[in-house]
Structures are given as C-alpha cells and as structure tokens.
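Right, one structure below, let's go through it.
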Amino acid sequence: MKRKGIALALLAGLACMAWFTVDPGRVRWLVMVLLGGFAVRVLLTGPPSRYDEEGQVK
C-alpha cells in the first residue's frame with residue numbers, strides 16, 4: 001500500500017508540473033489523459049500474492 005501511495009504522489013507531482021509548464025491545448029490534455037491512465041492502472045493493481053512461483057506460501 002505504501003508503494004501505491006508513493007506512485008500516486010509522483011504521478012500527481014508530474015501532473016502539476018505538466019499543467020504549469022505545457023502550453024494550453026491538446027498536448028496538455030494528452031499528457032493529463034496519459035498520466036490519468038497510469039494512475040488508474042496503479043489503483044487497479046491488486047495486493048502482491050502470498051505464494052511464490054511454485055505455489056508455496058512465503
């Protein structure tokens with residue numbers, strides 16, 4: 001859960017930097033859509049598995 005929070009905070013920071021540095025228009029919105037897609041992907045990831053590759057409990 002801690003890694004997810006860090007990833008979302010970094011994406012939010014990138015979004016803020018992009019908002020203030022990229023000229024208004026299509027490129028800014030494209031960057032926001034891409035960063036939003038990454039954020040959704042981070043949110044949809046499940047917790048790590050308790051099992052290793054051979055099916056043994058860690």
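Since we're looking at a predicted model, the values are computed, not measured. Residue numbers count from 1 along this sequence.
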(request) Find out if a path of hydrophobic residues (ILVMFWY) with successive side-chain heavy-atom gaps under 4.5 Å connects I6 to L11. (result) no
(request) Treating Ile, Leu, Val, Met, Phe, Trp and Tyr as nodes and any side-chain heavy-atom pair under 4.5 angstrom as an edge, say whether L34 and V22 lie in one connected cluster. (result) no
(message) Quick check for you: to the nearest 0.5 Å, what is the distance between M32 atom CE and L35 atom CG?
(response) 6.0 Å
(request) Would you check if V31 and L14 make a side-chain contact, meaning some heavy-atom pair closer than 4.5 Å? (result) no
(request) Would you check if the side chain of K4 reaches a backbone N or O of G46 as a donor-acceptor pair within less than 3.5 Å? (result) no
(request) State plainly whether one hydrophobic cluster holds both M17 and L10, where clusters connect Ile, Leu, Val, Met, Phe, Trp and Tyr through side-chain heavy atoms under 4.5 angstrom apart. (result) no
(request) Report yes or no: do F38 and L43 belong to one cluster of Ile/Leu/Val/Met/Phe/Trp/Tyr joined by side chain heavy-atom distances under 4.5 Å? (result) yes
(request) Please examine the side chains of R28 and D23, heavy atoms only from C-beta on, and report whether any two atoms are closer than 4.5 Å. (result) no
